[in-house]
Participant: 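Take a look at the following structure, please.
Just so you know, ligand 1 is whichever comes first in the structure, and atom 1 is the first atom listed for that ligand.
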Amino acid sequence: MLVLHGPNLNLLGRREPEIYGSVSLEAINQKLRQLAEAQNARVTTLQSNHEGTLVDAIQDAFGVHDGLAINPAAYTHTSVAIRDAIAAIEIPTVEVHLSNIHQREPFRHHSYIAPVAIGQICGFGARSYTLGLQALLDWLRARDSRTAQAE
Ligand code: CA2
């Protein structure tokens, strides 16, 4: 599994805890690694403040990773490039947000990513990531068992 974190999420736990909580990004990544390993999966994580770096990481996931969990952060609301990269690689993708973007300012209500994701999880703080990764693992297993049955 590839887990991508967008711009400013490196500040987690250090700024604006009232909105984004007090858990650091490294603590979230550690939790995700543990959750995956307990289910015989592996997680690679990357945070970047740069749209092109995230696009490169998504393109490079093709043929390498089975699933993608991404918190595109502010790029959620602006990035056709990230959306196009996700659509192009056709790797099942879950969109994750710490905050409930639908409860916040109107400019956060629209996601360019949602239409190319299998689902979106938002509003549960750091737990959104574990819920998102679990949803992704469950979805992939259900797909694989459907494929095995059909064969
Ligand atoms: O709720 C989320 O996870 C967001 O993706 C976070 C983005 C925001 O632009 C989205 O609308 C919703 C912002 C990430 C900024 O992260 C910070 C973390 C700590 C301190 C300051 C910013």
Side-chain angles (χ1 to χ4, degrees), residues 1-39 41-62 64-142:
M1 302 301 125
L2 177 63
V3 177
L4 293 177
H5 309 281
N8 296 310
L9 288 166
N10 53 312
L11 299 176
L12 269 183
R14 291 187 273 153
R15 298 268 193 283
E16 301 189 79
E18 64 290 353
I19 304 177
Y20 298 116
S22 53
V23 182
S24 71
L25 192 61
E26 193 33 55
I28 289 174
N29 287 339
Q30 179 64 27
K31 254 247 148 50
L32 294 175
R33 281 192 286 269
Q34 283 167 1
L35 184 137
E37 276 162 26
Q39 299 175 57
R42 270 182 301 144
V43 160
T44 301
T45 62
L46 174 76
Q47 186 277 330
S48 179
N49 293 329
H50 305 281
E51 188 174 18
T53 303
L54 293 166
V55 169
D56 286 344
I58 294 164
Q59 288 186 13
D60 291 346
F62 182 76
V64 177
H65 296 285
D66 294 325
L68 170 66
I70 181 168
N71 182 348
Y75 289 139
T76 306
H77 320 297
T78 63
S79 182
V80 177
I82 290 176
R83 174 203 180 116
D84 286 351
I86 293 169
I89 57 160
E90 292 181 335
I91 291 175
T93 297
V94 171
E95 179 184 348
V96 167
H97 298 283
L98 297 150
S99 62
N100 182 348
I101 56 173
H102 306 287
Q103 224 172 43
R104 299 184 63 192
E105 304 95 317
F107 70 85
R108 295 187 203 273
H109 296 180
H110 177 258
S111 166
Y112 279 98
I113 312 306
V116 294
I118 56 177
Q120 180 193 68
I121 295 184
C122 69
F124 296 96
R127 263 203 94 213
S128 290
Y129 279 99
T130 46
L131 291 167
L133 181 60
Q134 189 61 61
L136 185 58
L137 291 168
D138 291 350
W139 190 96
L140 290 167
R141 292 219 169 92

Participant: Roughly how far, to the nearest 0.5 Å, is the NE2 atom of H50 from the CG atom of D56?
Facilitator: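 Here the rounded value is 12.0 Å.
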Participant: Mind checking what makes ring pair (Phe, Tyr, Trp, His ring centres under 6.0 Å) contact with H110, not counting sequence neighbours?
Facilitator: Y112
Participant: Below 3.5 angstrom, do we get any N/O pair linking T76 and ligand 1?
Facilitator: no
Participant: Any donor-acceptor pair under 3.5 Å linking the side chain of N49 with the backbone of N8?
Facilitator: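 Here the side-chain-to-backbone pair exists.
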Participant: Could you check atom 21 (C) of ligand 1 against the protein and tell me its nearest heavy-atom contact, residue, atom and distance included?
Facilitator: E16 OE2, 3.4 Å
Participant: May I ask you to identify the nearest protein heavy atom to atom 20 (C) of ligand 1, giving residue, atom name and distance to one decimal place in Å?
Facilitator: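 Ranking protein heavy atoms by distance from atom 20 (C) of ligand 1, first comes R15 O, 3.1 Å.
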Participant: For atom 5 (O) of ligand 1, which candidate among V96, N100, N71 holds the nearest heavy atom?
Facilitator: N71
Participant: Using only atom types and a distance under 3.5 Å, with no angle test, would you say the side chain of Y75 pairs donor to acceptor with the backbone of E51?
Facilitator: yes
Participant: Is there a nitrogen or oxygen of H77 sitting under 3.5 Å from a nitrogen or oxygen of ligand 1?
Facilitator: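 Between H77 and ligand 1 (N or O atoms, distance only) the closest approach is under 3.5 Å.
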Participant: Quick check: R104 and ligand 1, any N/O pair under 3.5 Å apart?
Facilitator: no
Participant: Within this structure, what is the OG1-OH distance for the pair T45 and Y129, rounded to the nearest 0.5 Å?
Facilitator: 10.0 Å
Participant: Would you say the side-chain atoms of S79 pair up with the backbone N or O of T76, donor to acceptor, closer than 3.5 Å?
Facilitator: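 No, because the side chain of S79 does not come within donor-acceptor range (under 3.5 Å) of the backbone of T76.
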Participant: Going by distance alone, is a donor N or O of one side chain under 3.5 Å from an acceptor N or O of the other, for H102 and Q120?
Facilitator: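 A donor-acceptor contact under 3.5 Å links the two side chains.
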Participant: Quick check: does any side chain N or O of T93 sit under 3.5 Å from a backbone N or O of I91, one acting as donor and the other as acceptor?
Facilitator: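 Pair found, side chain donor or acceptor close to backbone of I91.
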Participant: Among all protein heavy atoms, pick the one closest to atom 1 (O) of ligand 1 and tell me residue, atom and distance.
Facilitator: S99 OG, 2.5 Å
Participant: Would you mind listing which atoms of ligand 1 come within a distance below 4.0 Å of any non-hydrogen atom of L98?
Facilitator: 1 (O), 2 (C), 3 (O)
Participant: Going by the order shown, which atoms of ligand 1 are within less than 4.0 Å of some heavy atom of I101?
Facilitator: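 Once the distances to I101 are compared, the set is 12 (C).
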Participant: Side-chain donor-acceptor pair under 3.5 Å between S111 and E95, yes or no?
Facilitator: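 The criterion, which ignores hydrogens and geometry beyond distance, is satisfied for E95 and S111.
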Participant: Of T78, L11, N8, I70, which has the heavy atom at the shortest distance from atom 16 (O) of ligand 1?
Facilitator: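 Ranked by closest heavy atom to atom 16 (O) of ligand 1, first place is N8.
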Participant: According to ring pair (Phe, Tyr, Trp, His ring centres under 6.0 Å), who are the partners of H97, at least two apart in sequence or on a separate chain?
Facilitator: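 Testing H97 for ring pair (Phe, Tyr, Trp, His ring centres under 6.0 Å), a comparison that skips the adjacent residues, returns none.
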Participant: Distance to 0.1 Å, residue and atom name: give those for the protein heavy atom nearest to atom 8 (C) of ligand 1.
Facilitator: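 The closest heavy atom on the protein side is R108 NH1, 3.2 Å.
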Participant: Please state which protein non-hydrogen atom is closest to atom 4 (C) of ligand 1 and give its distance, to 0.1 Å?
Facilitator: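 For this ligand atom, the closest protein heavy atom is H97 ND1, 3.7 Å.
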Participant: Can you list the atoms of ligand 1 that are under 4.0 Å from a heavy atom of L9?
Facilitator: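 So the atoms of ligand 1 that pass are 14 (C), 16 (O).
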Participant: Looking at atom 13 (C) of ligand 1, what's its closest protein heavy atom, distance included?
Facilitator: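 Protein heavy atom at minimum distance: Y20 OH, 3.4 Å.
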Participant: Please list, in number order, the atoms of ligand 1 under 4.0 Å from a heavy atom of A74.
Facilitator: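 That gives atoms 9 (O) of ligand 1.
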